[in-house]
Asker: 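Here it is: the structure, laid out below.
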Protein chains: 2
Amino acid sequence: MDVASSEVFEAVVPLACRSCQARHGVVCGALSNDQLKELNRHSLRRKVDAGCEIIAQGSESSFYSNIMRGVVKLCKVMPDGRQQIVGLQFAPDFVGRPFVRESALSAEAATDAEICVFPRNLLDRMISETPELQRSLHDQALRELDAAREWMLTLGRRTAEEKVASLLHLIATHAEPQTATCTAFDLPLSRAEIADFLGLTIETVSRQMTKFRKQGVILIENSRHIIVPDMDELERITA
Amino acid sequence: MDVASSEVFEAVVPLACRSCQARHGVVCGALSNDQLKELNRHSLRRKVDAGCEIIAQGSESSFYSNIMRGVVKLCKVMPDGRQQIVGLQFAPDFVGRPFVRESALSAEAATDAEICVFPRNLLDRMISETPELQRSLHDQALRELDAAREWMLTLGRRTAEEKVASLLHLIATHAEPQTATCTAFDLPLSRAEIADFLGLTIETVSRQMTKFRKQGVILIENSRHIIVPDMDELERITA
DNA sequence: ATGACGATTTGATTCAGATCAAAGTTCACC
DNA sequence: GGTGAACTTTGATCTGAATCAAATCGTCAT
């Protein structure tokens, strides 16, 4: 299933983000009211299911998106099928590669999600006309670059144990903590996706998770719901 | 040795890049003549030796640079000493992280190099005043992001053989080809640095290189000078 | 030239994580 | 509520790259 066939969530007032400038800043926080109105007229807010491919690797796409809820994975696949997740995006991130039509990677909803879909031509125009928007997108690109480089260190130099701990830590930082040290969350990724993010196999991921469970570093419910009693413990393993 | 103690190459007219707008675009190509003159007044062109640390990981730096000649490696090191090169930069790349004072990585000259050194405050002001410069830097950030993600695939999913071929291919694309298929170049990195870029050990890198040599994929002179008779062959190994 | 030190190559062995194989679980769908 | 398919866990074995250990090569100062 792709975006075109996904459910339109609010059709009448497409609502790029009129009501959410403060909370969902990347695109909308940088626009004037007039610009927002124009953007609204040409944009849609959609609900997409987990697994929905928002942008396909190697394809040209005519729209950008802004994540309003849920998690999106950025993925590269090799001709022989090996694949690597190269980034996770959360609300309120912008999805799409400004200035380049063809995508070098796919963007897929990892969980059920809601996105605002903007026409590329219109947003490109607004980017060139609006230094503040350019700046917002530049900032996000720099944050993604920092994240990508941090992950390169994980991929190149950390052990399987450290990799899995790093992933749990990364996801945990996007959940709100229960207490000072304890955090609970649902993993947005399957074991296979975690493996593709960490450059490991499913089996190795599973073994490390059960090892952490037996050590009491985490509690696992239904394989997806994770409780971390002590984040410091997890961070320590991360190295 | 750090930048402050490096040789000032042209002291009298610091010459951010007046003479090189066309060729060395990232910063200078986006500025007006008046801006260039002001930037020149406060900038220096420096010659730095291989190994010179331009920015230290974890430190605050008060300047940006633009690479005019040579290769710069971006490196992250872990508390226990493991390290990962997370990017290579070539002329005319911009070095430094706009908007954030503290650097999450070190930038070190991999070869002898020349850089233009700009004061951070001045350039920050010019960035906010000059949408075209913002755009240039945004473009570079996006190019670096693409490169980082491509490399994540290499680190996470390619074999040692494919990794070494990928590195040779990457370096080769920055050298001008001898003929349609043949390219020759000097490696800007030692075996240890290549290992740190590929997430391998020195020994594995060396073994893969000699394997390629014995297979006739490359010729090696002095361990640093490489001749690739057939780039297609190399690309095929890359997978 | 000679010696010395660092960088690179080569060889022998080990080990972390992959692969192969088989149960368990979970959960969507009748 | 039962069934089947996909996902996850666990176990046994294998292997690619790491580690440990020596040579060999370069190169620079004497």
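Proteins get letters first, then strands, A, B, ... in listed order; numbering begins at 1 in each.
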Asker: To the nearest Å, how far apart are Glu221(A) CD and dC27(C) P?
Answerer: 12 Å
Asker: Please report, rounded to the nearest Å, how far the P atom of dA17(D) is from the CZ atom of Arg82(B).
Answerer: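 Rounded to whole Å, this separation is 19 Å.
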Asker: Nearest nucleotide by nearest heavy atom, which residue falls closer to the 5' end of DNA chain D, Leu200(B) or Arg191(A)?
Answerer: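 The residue mapped nearer the 5' terminus is Arg191(A).
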Asker: Within this structure, what is the CG-to-P distance between Asp186(B) and dG26(D), rounded to whole angstrom?
Answerer: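 Nearest whole value for this atom pair: 15 Å.
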Asker: Grab the CD-P distance between Gln208(B) and dT8(C) for me, whole Å please.
Answerer: 16 Å
Asker: Nearest whole Å is fine: how far is dT8(C) C1' from Glu193(B) CD?
Answerer: 14 Å
Asker: Please pick, from dG17(C), dA18(D), dT10(C), the nucleotide with the shortest atom-to-atom distance to any side-chain atom of Thr210(B).
Answerer: dT10(C)
Asker: Both Gly199(A) and Asn222(A) contact DNA chain C. Which one's nearest nucleotide lies toward the 5' end?
Answerer: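 Closer to the 5' end of DNA chain C: Gly199(A).
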Asker: Can you check the Ile202(A) CD1 to dA6(D) P distance for me, whole Å?
Answerer: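 Distance check: Ile202(A) CD1 to dA6(D) P gives 13 Å.
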Asker: Mark yes when over 12 heavy atoms from residues, nucleotides or ligands other than Glu176(A) sit less than 6.0 Å from its CD; otherwise mark no.
Answerer: no
Asker: So what does Ser206(B) touch, heavy atoms closer than 4.0 Å: a base, only the sugar-phosphate, or nothing?
Answerer: base
Asker: If only side-chain N and O atoms of Arg213(A) are considered, is one of them under 4.0 Å from the OP1 or OP2 phosphate oxygen of dT10(D)?
Answerer: yes
Asker: Would you say Arg207(B) places a side-chain N or O within less than 4.0 Å of OP1 or OP2 belonging to dT9(C)?
Answerer: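 Negative; the distance criterion is not met.
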Asker: With the threshold set at 4.0 Å, does a side-chain nitrogen-carboxylate oxygen contact exist between Arg207(B) and Glu161(B)?
Answerer: no
Asker: Calculate the interatomic distance between Asp196(A) atom CG and dT8(D) atom P; express it in whole Å.
Answerer: 12 Å
Asker: Across the strands shown, which category fits Ser223(B) at heavy-atom distances under 4.0 angstrom: base, sugar-phosphate, nothing?
Answerer: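 Sugar-phosphate, backbone atoms only, no base.
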Asker: Would you say the rings of Phe118(A) and Phe63(A) are close, in the sense that their centroids are separated by under 6.0 Å?
Answerer: no
Asker: Hey, are Gln89(A) and Glu144(A) close enough side-chain-wise for a donor-acceptor pair under 3.5 Å?
Answerer: yes
Asker: List the atom of Ile171(B), the atom of Leu88(B), and the distance in Å for their closest heavy-atom pair.
Answerer: CD1-CD1, 3.8 Å
Asker: In whole angstrom, give the distance that lies between atom CE of Met209(B) and atom C1' of dT8(C).
Answerer: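 Value for this atom pair: 10 Å.
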Asker: Between dT8(D), dT10(D), dG11(C), which one does the side chain of Glu203(A) approach most closely?
Answerer: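 Out of dT8(D), dT10(D), dG11(C), the nucleotide with an atom closest to Glu203(A)'s side chain is dT10(D).
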Asker: Would you say dA18(C) has OP1 or OP2 under 4.0 Å from some side-chain N or O of Thr201(A)?
Answerer: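 Affirmative; the distance criterion is met.
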Asker: Looking only at side-chain N and O atoms, does Thr204(B) come under 4.0 Å of OP1 or OP2 in dA18(D)?
Answerer: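 Checking Thr204(B) against dA18(D): at least one side-chain N or O falls below 4.0 Å of OP1 or OP2.
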Asker: For the side chain of Arg224(A), starting at C-beta, report the closest nucleotide among dT26(C), dT9(C), dT8(D).
Answerer: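 In terms of side-chain proximity for Arg224(A), the closest of dT26(C), dT9(C), dT8(D) is dT8(D).
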